[in-house]
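Here's the structure, in structure tokens; my notes come after.
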Amino acid sequence: MNIGPYTFEEFKEVARKFHGYPAPGLLIGGYMVEEAKKHLPEDTLFDAVVETGKCLPDAVQILTLCSYGNGWMKVIKLGRYALSLYDKYTGKGVRIHIDTEKLENWPEIKAWFLKLKPKKEQDTDKLFAEIREAGPSLCTITPVQITSDFMGHKHMRDIGICPSCNEAYPLSDGAICRGCQGEVPYVGGSRDVVREGCVVPVDVEDAVGKTALHDMTRIEPGVSKGPEFKAGQEITAGDVCRLQQMGRNRIYVQDESVAGGMVHENEAVQAFAERMAGEGVVFKTPPEEGKISFCAASKGLFTINRDILERFNMLPDVMCTSRQGDILVDEGKSVAGTRAIPLHISETVFRNALSVLDEAPLFSVTPLRRGKVGILVTGTEVFQGLIEDKFIPIISGKVERLGCDVVASVIVPDDREAIANGVKELLEQRADLIVTTAGLSVDPDDATRAGLVDAGLQDALFGVPALPGTMLLTGKIGNVDVMGVPACALFYKTTSFDLLLPRILAGQTLDRKSLARIAEGGLCLNCRSCTFPKCPFGK
């Protein structure tokens with residue numbers, strides 16, 4: 001049975017030249033490609049999606065114009081031996097895959113495909129014979145509609161010149177290329193990072209009369225830790241014994257430094273700190289031992305640019321660490337620290353680090369606004385007085401502890417129109433944050449969300465990867481924030497509402513990505529004695 005324009009033996013040779021050897025998966029893939037092409041209308045301009053990175057992409061590239069390089073073939077590694085060919089304009093096409101139920105008549109193919117016996121025990125001649133005889137009968141083909149995510153081709157991203165290595169790279173990767181950020185898969189090359197080693201220490205007895213190049217710490221276990229000698233301090237004869245007691249038999253002094261092309265730790269870390277500190281974050285100078293700490297200038301929400309923090313820490317010889325982001329911090333509290341790790345870092349690393357930090361500040365502390373809160377309780381049983389309302393005091397307590405004022409509270413029945421009218425009433429009271437409770441479960445007769453939509457709810461996000469409080473809702477009605485609190489807030493002291501309320505009051509715009517990050521740390525342990533926020537929940 002032929003594979004396109006080739007006999008089976010001819011295609012084996014083509015596969016050998018292209019792939020290195022005539023892999024069974026490539027031979028079967030040839031049949032799959034040709035069979036899929038038969039099910040497309042004649043003269044269709046098609047693209048391909050391949051669901052494995054092994055062998056099958058080569059079959060596509062041999063038998064069609066689609067390749068990974070021209071963007072007409074996309075490889076998504078789902079681990080399934082399948083491919084789809086589809087009209088590049090409409091997305092209509094077919095998917096073909098090896099059907100395991102059809103392998104029963106082909107024992108050698110089945111043993112190879114399902115890894116039922118070691119490769120050395122396989123009968124290669126029999127395997128090739130079965131592949132030639134079976135052809136596309138091993139497969140099942142079905143019509144598909146490709147989603148918009150895979151339609152069309154990605155435009156070339158903006159290209160810039162990396163200020164570190166002077167090579168071209170996509171600007172979307174950051175201020176410097178990913179290679180200079182530390183992601184290279186090799187060592188060596190013409191641009192190796194120069195590490196400490198050009199600064200030569202001297203024996204402590206020979207340091208008398210010279211100037212210390214860096215701070216030197218004295219530690220008394222359980223008592224104190226701090227710099228006994230400061231950078232720039234002149235070493236005297238009386239200091240020799242103290243240095244030796246500290247375990248310092250050799251030290252670095254300025255007149256012995258030959259640190260050409262290097263940047264001192266204190267100079268480097270101060271330059272870093274000036275770029276890292278955003279609004280509401282302060283730090284003290286001069287640095288000590290190449291280290292600077294950051295504090296909150298006022299009470300507010302501490303936020304981190306996580307992408308920049310990660311890229312900075314991918315560089316060698318520098319570091320920055322912080323408290324968890326998106327938490328409330330008090331004025332004067334420590335929030336982060338940075339340092340240059342060795343005594344000197346290379347100018348290359350220094351420039352790279354500054355380039356990363358030039359994008360935006362790393363840290364900021366944003367004061368919470370004094371929100372005007374309107375509370376909307378939905379529930380016919382509460383409206384009729386059959387059940388005492390518990391939500392209003394709970395929500396009032398939480399928002400007032402954050403400095404907000406409750407301007408009005410409304411109780412309405414489970415009715416779309418009543419809920420929409422309740423929202424209108426709160427808006428008339430000039431509420432800039434509406435907190436609604438109940439009616440957010442999976443029951444089909446819940447009217448809360450529908451009523452909010454009728455009232456103008458937009459940009460709604462429903463569901464948070466946190467327990468308790470998964471069924472939380474956020475959105476906007478005009479410029480007014482809306483939060484829907486699930487009924488679990490009646491039972492649990494702390495829920496996802498407590499995690500997100502400060503962020504909304506700090507003016508953050510929540511999206512799916514920011515909510516998804518809550519998943520790590522989003523499991524409350526329901527401790528008998530709750531210590532939130534001094535606990536791991538939401539961190």
Side-chain angles (χ1 to χ4, degrees), residues 369-400 402 404-492 495-505 507-512 515:
R369 76 171 192 263
R370 191 178 183 90
K372 297 178 180 179
V373 180
I375 303 175
L376 176 67
V377 177
T378 66
T380 302
E381 68 283 2
V382 182
F383 177 75
Q384 293 177 345
L386 300 176
I387 297 177
E388 181 186 359
D389 171 66
K390 300 289 187 181
F391 265 121
I392 292 176
I394 290 174
I395 298 302
S396 297
K398 290 178 182 288
V399 299
E400 288 170 354
L402 295 180
C404 299
D405 299 311
V406 177
V407 296
S409 59
V410 178
I411 301 175
V412 297
D414 290 315
D415 176 79
R416 289 180 65 161
E417 184 176 356
I419 293 169
N421 289 335
V423 171
K424 181 179 179 181
E425 183 177 340
L426 294 175
L427 293 176
E428 290 173 349
Q429 296 297 321
R430 299 186 179 278
D432 59 22
L433 169 61
I434 293 176
V435 180
T436 181
T437 59
L440 294 169
S441 73
V442 295
D443 295 341
D445 60 344
D446 280 343
T448 301
R449 278 186 286 167
L452 292 173
V453 171
D454 292 345
L457 181 67
Q458 296 179 331
D459 303 325
L461 296 173
F462 179 62
V464 178
L467 289 172
T470 298
M471 292 180 180
L472 185 134
L473 177 145
T474 64
K476 289 269 193 180
I477 297 178
N479 294 323
V480 176
D481 292 301
V482 177
M483 297 187 74
V485 183
C488 64
L490 278 172
F491 181 77
Y492 296 102
T495 69
S496 61
F497 176 69
D498 300 273
L499 301 181
L500 296 182
L501 177 60
R503 297 173 64 171
I504 288 177
L505 292 174
Q508 281 194 9
T509 299
L510 300 177
D511 56 21
R512 257 312 146 203
L515 293 183

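Residue numbers run from 1 in the order of the sequence given.
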Test side chain to side chain contact (heavy atoms under 4.5 Å, CB included) applied to T437 and L490, step by step
CA-CA 10 Å; T437 59; L490 278 172; over 6 Å; no
Does L433 form a side chain to side chain contact (heavy atoms under 4.5 Å, CB included) with L505? I'd like the steps, not just the answer.
CA-CA 9 Å; L433 169 61; L505 292 174; 4.1 Å; yes
Going from CZ on F462 to CG on L457, what distance comes out if it is rounded to the nearest 0.5 angstrom?
11.5 Å
Who pairs with T470 by side chain to side chain contact (heavy atoms under 4.5 Å, CB included), at least two apart in sequence or on another chain?
L467
Quick check: closest heavy atoms across L452 and I477, and the distance to 0.1 Å?
O-CD1, 4.4 Å
Within the side chain of S496, is there an N or O that forms a donor-acceptor pair under 3.5 Å with the backbone of G469?
yes
With rounding to the nearest 0.5 Å, note down the distance linking CD in Q508 to OG1 in T474.
11.5 Å
Holding to salt bridge (charged side-chain N to carboxylate O under 4.0 Å, His left out), I want the full list of residues that pass it with D415, two or more places apart in sequence or in another chain.
none
List the atom pairs, with distances to 0.1 Å, where a side-chain N or O of residues 386-396 and a protein N or O form a donor-acceptor pair under 3.5 Å, not counting sequence neighbours.
residue : atom : partner : partner atom : Å
D389    : OD1  : F391    : N            : 3.2
D389    : OD2  : I392    : N            : 3.1
S396    : OG   : I392    : O            : 2.7

Distance (rounded to the nearest 0.5 Å) between L473 CG and T448 OG1
9.5 Å
In chain order, what residues pass the salt bridge (charged side-chain N to carboxylate O under 4.0 Å, His left out) check against D459, with sequence neighbours excluded?
none
For K398, salt bridge (charged side-chain N to carboxylate O under 4.0 Å, His left out) partners two or more places apart:
D498
dist I504:CD1 -> D432:CG (nearest 0.5 Å) comes out at 11.5 Å
Extract all donor-acceptor atom pairs below 3.5 Å that involve side chains of residues 419-430 and protein atoms in other chains or at least two apart in sequence.
residue : atom : partner : partner atom : Å
N421    : ND2  : E417    : O            : 3.2

On a heavy-atom basis, the closest approach of T380 and P413 is OG1-CB, 3.7 Å
What distance separates K372 NZ from I434 CD1, expressed to the nearest 0.5 Å?
13.5 Å
Side-chain donor-acceptor pairs under 3.5 Å in residues 404-412, sequence neighbours left out?
residue : atom : partner : partner atom : Å
D405    : OD1  : R370    : NH2          : 3.2
D405    : OD2  : R370    : NE           : 2.9

Which donor-acceptor pairs under 3.5 Å do the side chains of residues 481-488 make with protein atoms, sequence neighbours left out?
residue : atom : partner : partner atom : Å
D481    : OD1  : K476    : NZ           : 2.9
D481    : OD2  : R369    : NH1          : 3.3
D481    : OD2  : R369    : NH2          : 3.1

Please report the C-alpha distance between D414 and E381 in whole Å, then the side-chain angles of each, then the deciding distance to 0.1 Å, and finally whether the side chain to side chain contact (heavy atoms under 4.5 Å, CB included) criterion is met.
CA-CA 9 Å; D414 290 315; E381 68 283 2; 4.2 Å; yes
